[in-house]
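One structure below.
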Amino acid sequence: MKVVAYSIKTFEKEYLVKANQKRHDITLISNALNLETAAFADGKDAVLVFTNDDVSALVIEKLAGMGVRYIATRSVGTDHIDKLAAGLHGIKLANVPAYSPEAIAEHTVAMALALNRRLIDASRHSHSFDFRLDDLIGFNLHEKTVGVVGLGHIGYIVAKIFNGFGCRVIGYDIAVADQVDFIKSVTLEELYRQSDIITLHTPLTPQTYHLVDEYAIELMKEGVMLINTSRGALLKTTDVLKALFSGKIGYLGLDVYEYEKGLFFEDHEYDDNKDPLLQQLMEHPNVLITPHQAFLTREALQQIANQTISNLDSWQSQRCVGDACVCAKNCRAKEIKDKINNYTIPLP
Ligand code: NAD
């Protein structure tokens, strides 16, 4: 297959090359996909994208016009892809349904520990030979209540790790009603009311968009710790900022940011105008922000590359990609017709 891979970082190349074994003719480019750079896909069968690429209806139309028949995202999340538009143009879609969920789960817990024990401040002070303990007091995780929203691949492992710390783990998932192992299933409202730490592990969908807004925050405990390693728009960031200032949210850990597109994954240190909302968040002492790096382990990178190449292999031999299929029509004509009839306005 002739393929162009967008938004490729230097560190990814070796994993893709190893997985590909020269089976597909892949052009690796660092540019993000957008209306302009779509031209690089001219004459290609497939494009590979990542979370902050623009895979909107207009871009898909352009890709289809140039003969592209397949789009594979090197991520679990597919909220950046207009699936309906792809279906209408007969473009097949695939993702990486699950890769090393431990990578994201471990980063989630690392954020909770770093926030709680003030590791960033402690390290900064120690490096300047200030070894005072003032302002470094944390709390024991043991016997605290951790609320996990979304008990899929990642949420389940997060729950397992916190359980290992001796936490009481409660969970909410639209698809899981009963107690799973050591996770007590509760309603979302109960989870908000009871949790000392809340961590989000759902995909971004119209139902989860701004899941945490001022009404949700109102239900939470005073000084709650909130961690989001899933998608930025699960939080209404302006409401979260207000709650940080009031003290309702005591700690905030973000690996994703509502307006990260065009910002994350690049060096913006010398930009004249920096995102003011993100700056306000960062100025807050109890906020830890990482640049969408939860997936970034060697194991996860190899698994992402392997699954992506396997998706191309399947398409080349006219096979469905199985669990990795994220086509809106789910490869069935009737369903896409229903979807078109029930079409709702996509997320901003
Ligand atoms: P998954 O599909 O295995 O699990 C998601 C769970 O969320 C499912 O159990 C589903 O039933 C549940 N869910 C869906 N809608 C819900 C709702 N409205 N309320 C409650 N639960 C709901 O996915 P996963 O592998 O665990 O990944 C979760 C998310 O993590 C991805 O969608 C992606 O956005 C994010 N992610 C982030 C990174 C990163 O580097 N920061 C890496 C990978 C994935």
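Atoms within each ligand, like the ligands themselves, are counted from 1 in listed order. The model shown is predicted, which means the values in this text are computed figures rather than measured ones.
Under 3.5 Å, the side chains of Ser123 and Ser126 contain no donor-acceptor pair of N or O atoms. At a cut-off of 3.5 Å, with distance as the only test, no side-chain donor of Glu299 or Ser100 sits close to an acceptor on the other residue.
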Worksheet item: Going through the checks in order, is the side chain to side chain donor-acceptor pair (under 3.5 Å) test met by His80 and Thr73?
Response: CA-CA 9 Å; His80 51 302; Thr73 182; 3.0 Å; yes
Worksheet item: What's the verdict on side chain to side chain donor-acceptor pair (under 3.5 Å) for Tyr156 and Asp181, showing C-alpha distance, side-chain angles and the deciding distance?
Response: CA-CA 10 Å; Tyr156 179 78; Asp181 298 344; 2.3 Å; yes
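Proximity of the aromatic rings of His284 and Phe245 is defined here by a centroid distance below 6.0 angstrom, and this criterion is met.
Under the 4.5 angstrom side-chain criterion for Ile, Leu, Val, Met, Phe, Trp and Tyr, the cluster partners of Ile8 are Met1, Val3, Leu16, Ile26, Leu28, Leu48, Tyr70, Ile309, Leu312, Trp315, Val321.
Residue-level contacts of ligand 1 at the 4.0 Å heavy-atom threshold are Val76, Tyr99, Ile104, Gly150, Leu151, Gly152, His153, Ile154, Tyr172, Asp173, Ile174, Ala175, His201, Thr202, Pro203, Thr208, Thr229, Ser230, Arg231, Asp255, His292, Ala294, Phe295.
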